[in-house]
Structures are given as structure tokens and as C-alpha cells.
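Here the structure comes first, spelled out in C-alpha cells, and everything after it is commentary.
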Amino acid sequence: MADRKADLDAENSAAMEVEIEPALSDFAGAAVTRLGYLHPRATFNVRDHVIVVEGAIGDAPTMRRDVLHALYRERISDRGEDLRTRLIEGLLSR
Amino acid sequence: MNVWPLKFRPTHDGAILFADDAGGFFRSDGAFLDRYALGALTGSDREFLSANGHAFETEGDLDHTGFAYRWASRQAAAGDLAYVILVPTLRCNLACSYCQVSRADERARGHDWTEETLKAVIAFLDGLKTESIKVEFQGGEPLLRVDLLERVRAFCRRRFKSAEFVVCTNLQRLGAAEWAFIDAPDTFVSTSIDGNVATHRAQRTITDDKTEEFFSNLDLALERLGPGRISALPTIDVEAPPPAASVLDTYARYGIRSIYLRPINYQGFARKRHAALNVMDRWNAIYREFVDLMIERNAEGGETFEEYYLVHCLRRVLRTGQDGHVDLRNPNFLGRDYLVLDHDGRFYPTDEARMMTRIGQIDLSVGDIFSGLDTSKLDALNAHATNLFDPDCLHCPYQAFCGVDLVDDIAREGRIDGPKIHTDFCRRHTFMFDLVFELLYSRDPKVRRSLAIWAGVPDLPYSIAPEHA
Amino acid sequence: MIPLRFKVDPLPVDEPIVTRLRAADAPDAGPFDAVFLGADGPVSEFDLAGFPLRLHDAPIEDVEDDVILVLPGQASAHRLIRAASPHNTLLVTERCDQLCLMCSQPPKRHHVDMFPHFREAVRLAPRDVYIGLSGGEPTLFKEDLFRFLLDAIEARPDVRFHILTNGQHFEESDVETLASIPHDRVLWGIPLYSHVPARHDEIVVKPGAFDRLMRSFAILARAGAAIELRTVVMKPNAPDLVALARLVTTRLPFISVWALMQLENIGYGRKNWNDLFLDTSAPDAFAPIAEATDLVRARGIQALLYNFPLCTVPAAYRSLAPRTISDWKQRYLDACTTCSARGACSGFFEWYPDDRGFSGVAPL
Ligand code: SF4
Ligand code: SF4
């Protein structure tokens, strides 16, 4: 049922754009890759300073949030990678 | 100040849950997420993050050390092999509706350990490094070969400093030898009560005679062994679940307060058919109903209930070192500290692996008792034994509490390196941890009451679940 | 009160003597043992390597296998180790670099190196004893202390130590030594009073003590040392307990136990009693303790209540309150005579002020 509603919504809004803040632009590629398998029925492309979503978008605010969160997650894990690696290596070398 | 990476997930009620790699957690809102993700933390953000254990000044300072300690104590350390599941026979004197693949007819031949197998099993046990062993007998109905059980037990009692035995039995036909076996104080009984009498009959015992036989043996076993040595679990049919209240009443009647709810594990064709019906969502709804009812009952005072796996997940959220359950730990190396040994002498890393191999889906056996463990196959599996570097788990706030179930991934997805987020394991545990955190942040006094009982404290303060505005 | 000293007829010796008091028929009496000869009225007479050792009011059945120290020319003998007691504490020094508001043993300048005697005493100690080391501040003589510990745990694999220290003197360079002490042989009892640095510093009367302590905790954690965190609950720090509990779960997850303690009315504790003593039996006064213990225990860290009479603790928390007051300084009140919980109850310090103490003492 929920899926059918999503399909209807998707028809109503076949494409949407989510703006990428400059601080997040380096992470758009990684975010788009991950979004692709989280939402297999939508497609995601980076164009200039936006991510273009096409296909089964579903609820637009939710999709917008998911895209933003995907960008955030990539930035957070990228920024944290050094701490993470040092921690794991530090503990394993003991 | 350095802030450890925080993973986040929107909650059912519009907040955002944050957690770090060591399992520290809190709830906040979208505005904080924006500040955090874009590197614009305020002074009060920093103060909170530091007090809640998500930050440090310099490597090696106490904040850093405390975090590293918590992180390290969440990594399961697989010890020596000290837990073996033995299947001395595949034959059974029942034919339960959901158990066609893991049993053979009581009169069938060639489904028991041979004398050579028994000797090899004993030689194998003799070679173990551990001083304390736990042996679980499964089947089939293991008590059909109580003679083999006796010989294994006698050997283990001699060989190990401490030895504990569990027999997973349908308690159906018990003669003097069977009673003598389970009467021993180092031996525990694990059985199934499928909810209530009607369901138990429908799913398992079918006839009145056998139903009567089971329940009177259960009474007798409780009387002889006491409730501390008997555990039972219900297998629930998602399409025809018994009413939750009747299940709790039945278990209460037998003094069993910890109930491990499990759905029927469909295999092969049945699995495909059920998958189409969205079994997972229906199971979750049934499960939730049971948990809500337990919470109600626990608030009434008197004897209390717990759902075994929910309590385990709750404890994994709150504490470190909760690695006693082999289905949920990280890393989860296969073939290290426990092993399954089938009726034909073949080793399996888990019981599920044995089942899958049996239905011909894939061969997950890892050697046999005569030629030893197949370490290269184990190594190939174990390359994926941790969730630390999984690209989905890495972004998931539940990573520190969650685990890995390689066999389940293969069973359901046919591969171990597909996106985690689409596996049954991930969906099930996302549901479990969503539930745990929903309860932890609940303001309902009845929920608090149950949480306190499950966490083993007189009262669970709200401060256990920090919020940052 | 059980005596920790005996009157002794001075011995004609120039060196301090550590000896063990043995029964007349002790089959394994060694050259350092004093063997019981007989009672002469209130005086127990022992044979100490040919010299007569005469102890007053020390019946052999009370003192058998005790280890005592006799100093030249002194009329009293120190009972270093009482064989019948689970609480034996050796005083390393009377010096200290803190001046805690509730200190039960206020520091003095004076210091005599007792380690040589302690070394002897440990050698003569009965099997499996648990020996406390305290002060003053034992780690002011850290090198001697370490040497003593390393010797002792090697010489006596059955003996364990509990050391009370303010944690102000551990250095990164101690990690190796500390790590060489097996985790189950030495428990370091270390006080922390608040998560607010300034409040902790005020209570221990030493600026910077909190920060120094945090550094020491990191050092001890790296060395895998066993830690008993000790927090005396008082009026000034009771409101901090819940936040302190959070600090324990985040920064000190490696401790073995968190002990929340009631105040002892002696030393500075007596002088400051009215400002410090918190009547935790009064309505609501126990609430921060309940919440703090619930918090850490839910997270898998052990918490205990030391020196709390059972009837002053809400029923659900009584299992956290073991009998902790050492037998030689412990007593009960009149109310306790009819109490069914007496056998499990800490009771009171000998010097507990009946009129300024708990309002809620009543037999269970
Ligand atoms: S398996 Fe799923 S729920 Fe578990 S840590 Fe990974 S992403 Fe999270
Ligand atoms: S009445 Fe005395 S013995 Fe009884 S609990 Fe209270 S203090 Fe302890």
C-alpha cells in the first residue's frame, strides 16, 4: 500500500533538485553512490551545485532529508576516518 | 577539542538519535545535526559532547582513554572452542509442521552417529584446549539416543574441570533412562512450548495423546528439575500467531518468565512464498504486541516477564562485554569458540548453516570429525566477520551494539558482500534497536518499570538517555 | 573496640623486632616466631629466641598467629597483622599533600620508614590475607612502595593488597611497573568527589588536584590497574553525584567498583561534621545516591555503599551495602539490639555521634 502511494507521488514529481552546500560538495559523488542503492527505484546525479533526483521520489521532504543526510554522513565519516584509524591501530598494536 | 565521529538516524517522533563508535549515544534535533555536520558547533554543544564522552583534547588523556577502553570492550574476543552443539541423531518421534528438513523418521536408518563417529567425537573433545565445556545436544530428538548422550557426558565429566550439558528435547516419550539423564544437576533441558496448548497441538503434537504426554512430562520435569534448569521457547507462525496473552499465561504457569520469541524459520520454497507476504513486517507487529503486553503485565507488580532477545539488545546498548549470544556480537568469527557437529560427523559453523546445507541451498559444512576443520573455508567466511568497515554499518548509529551474521546473509541474499542494509539481519536489528531506543526515551512510567527490571536495577533514571537541545 | 596495641614489658634489644605469636604446640614454629609459654595472670608470656616476651591483656586465643612489631625501649607492641581479621591496614606514612575536609587521619610532618618491618610482616602473614596500605599518602614514597609491592607479591602469591592513595603522583614512566602487577593482586582505592574540578579541589584542599587525578587515572587505565573509586557522600558534593556517575560511565569505565561512602566522625571529619554530614536516611536525601548507582549499574559498572547502616538505606538498595566498617572500630546502637539485619549490617564507627547522626535508625 505504502509502495503504491510512493509510485503515485513519484509520478507527480518526476524530478527534484537538492542544493549542495559548498562545505559538502566534495562528498556529492559518494553520497549519490550510496543513495543509488538505498533508493533503487530513483536515480541520483550531481549537476553543478545540486543533486538531481529522478524516478520514484516518494514523499518529497523525506527524499530531500535523505539526500542531505547522505551528504552529511559522507562528510562525517570522511572527517572521522583519521580518528577512527588511529584508534583502531593504536588498540591493535598493544 | 576532537569529536569522535557521530552516526545518526531520525527517530519515529522527529528527533535524531546520535551514537559514536564506542556506543555512547544521545538524542538531539536537526539544528544540532546541521551544526555538527557542517562544523559549526557552539560552546554548549562542545560542553555537552565532552560531558557525554564523545570528545577529547589530546590523545592519551582520560577522555581518550575512557573512549578507547569502551570501544575495545565492545569487540568480542573469541576464546577457545568451549561450546559444541552435537547432533547424535536426526531421527525424531514428532513431525512438527515447520521442521521437515531437520528431522528423519523415527524408524529410518543411517541418521545416527556410528560407533566410529562417537569415538572420533570423543577424541575430538579430548583434544580441546578449554578446561570448561558446554555441550548442547540437538536433533532430531537427541534423547532417542540417550545411550550416546550418556557416553559423551561421562567422558566430559572426567575430562574437563567443569562441564555443562543442555539437551534440546521435545519431552515426548521419557522412560527411566531418559529421566535419569535429565535428572543430573549439571544437565539442563531446553524445550519448545508453542505458545499455548492449542497452538502446540496444531504445530507439534497433533494428537490429544501426544499433547497430553508433553504437558504432563513438562509438569513432571518442572517438579523434578525446578524451573531454573528448564528453558522453553515458542515458535510463532506469523500467519496464525497465538494470542499474546495466552502465551504469557502458559509460560507463567510453568514458571518461565524469560521468553525467547521466534518466528518459524521457513526454508527453501516456503521461504520464498512467505517473503512475498512481507513476513518481516508482520513478525515485527506481532513481536511489538508481545512486548507491549509484557510491559503492561510488569507494571501490575508480581512476577515479571522479559523477551530474551530484547533484553539482550538492551544490555548490548547499555553495557560492554555482552558477547554471550553467538548470534549477535562483533566481530563474529565462525568456527572458533563454538561448533555444530552433525549426525554424519560433519562440522558446521552454526545450526542455520547445517540447515541450509541440508536443503541443498549451498554447502556450508566446514570439514568433518574425521579429517578436521576446513580452515581455508572458514578463513574465507571470516574475512567478513566484522561490521567495522562495512559501508552501511559505518554510517549506522547501531553499529557498536550490532553484529554480523554471515550465514544469515548468505541464506537470504546468497552473498556476504552485498549491501548490508538490504539483508534480513540488518532489517531485523534495525527494528530491534529502534525499539530499544524508543523504550529508552519513553516517558511512560510503565515502560520505565520494565526497563529497570530488564536492566537489573531498582529504577532506571531518565538520565540514562541523554538529550541535547 | 579491639586493641591494635598491647602493653609489653620492654625488651632488651636495640633493633625493632617483627615476630609472629604462636601457640605453645605450633608444630611449624620458625626462628622468628614467639612461642607461647603460658599465662601469668593477665600477662601472656612468649619465648622469643630465648628472650621472654610479656604481653599484657593478650590472651593467646585472641592473638594466635598475629604479627607484631616491638620497638626498642618501647612499652607497647604494634599489632601489624591480626590473623583473625579480614581488615589489616599498614600505615605507610603520616605525610600527605592533600588536606581533605573529611580526613580521618590528618597528616603530620613526621615520617618513619616502616617498609622493612612491613616486608617482614608480609612474610609472616597467615595465608590469603588481604592487607591494606594507607597513610597519609603512600605514593609520596612511591619508589619504596613499588619495591615493597613487587617483592611482596612475588614472595607471597596468596596475599592481596588494597592501597589507599590520592592518585596525585603516578607518572607515565610508572606504567611499566604498574602493568607488571597482576590485576587481581593490588586494588588501588582512589577518591574522587565531584565532576566539577573546582569542587573536588576544594574538598581535598589542593588546587589542581582534579586535573592531576584525571591524568593518573589514564596512566592506571593504560597499565590495566584495578581501581576502587571512592566517593564520600557529603553535603557539598551530594548534588554532583548524578553528573559524577556520568563521568564514571564515560571516562572511568575501567574501574572495578565505585564505592559511595558515608562520613567517618574522626579527624577533620569530626571537626567539619556539621558542614559535611548528610543524613541520607532523611526523606529524599538518598535520591541522588539511588540515581547515581542505578546509572552506573545499568551500564554494567559495579557500585557499592560503604559504611551505610542498612536501615538508613531504602530496601531496594540494601544489597549494595556490605559490612564495611573494620571490626576494631565498629559498634552498634541500642536500637540495634532487636534488629534482625544486624549480622549483615555495617553498624557504626566507634566514634559515631549518636545525637548528630542519622535520623532514621530503626531495627529491621
Ligand atoms: S547490520 Fe544494519 S543495523 Fe546492524 S550496524 Fe549494520 S547497518 Fe546498522
Ligand atoms: S538497627 Fe542497627 S543493626 Fe539494624 S540495620 Fe539499623 S544500624 Fe543496622
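Computation of the quantities below employed the complete heavy-atom set of this structure, encompassing side-chain atoms and omitting hydrogens, waters and symmetry-equivalent molecules. In what follows, chains are A, B, ... by sequence order, proteins preceding strands, each numbered from 1.
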Got a list of the donor-acceptor pairs under 3.5 angstrom between chain B and chain C?
{"residue": "Asn52(B)", "atom": "OD1", "partner": "Arg246(C)", "partner atom": "NH1", "Å": "3.2"}
{"residue": "Gly60(B)", "atom": "O", "partner": "Arg222(C)", "partner atom": "NH2", "Å": "3.2"}
{"residue": "Asp63(B)", "atom": "OD1", "partner": "Arg251(C)", "partner atom": "NE", "Å": "2.8"}
{"residue": "Arg70(B)", "atom": "NE", "partner": "Thr250(C)", "partner atom": "O", "Å": "3.1"}
{"residue": "Leu318(B)", "atom": "O", "partner": "Arg299(C)", "partner atom": "NH1", "Å": "3.2"}
{"residue": "Arg319(B)", "atom": "NE", "partner": "Ala298(C)", "partner atom": "O", "Å": "2.9"}
{"residue": "Ser463(B)", "atom": "OG", "partner": "Glu291(C)", "partner atom": "OE2", "Å": "2.6"}

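Proximity to chain B (any heavy atom under 4.5 Å) is shown, for Leu295(C), by both the backbone and the side chain. In this structure, the portion of Phe67(B) lying under 4.5 Å from any heavy atom of chain C is its backbone and not its side chain.
Top candidate by heavy-atom pairs under 4.5 Å with chain B, chosen from Ala290(C), Ala316(C), Pro253(C), Ala243(C), is Pro253(C). The candidate with the highest count of non-hydrogen atom pairs below 4.5 Å against chain C, out of Gly60(B), Ala455(B), Pro461(B), is Pro461(B). For chain C, the option among Ala51(B), Gly321(B), Ala22(B) with the highest count of heavy-atom pairs below 4.5 Å is Ala51(B).
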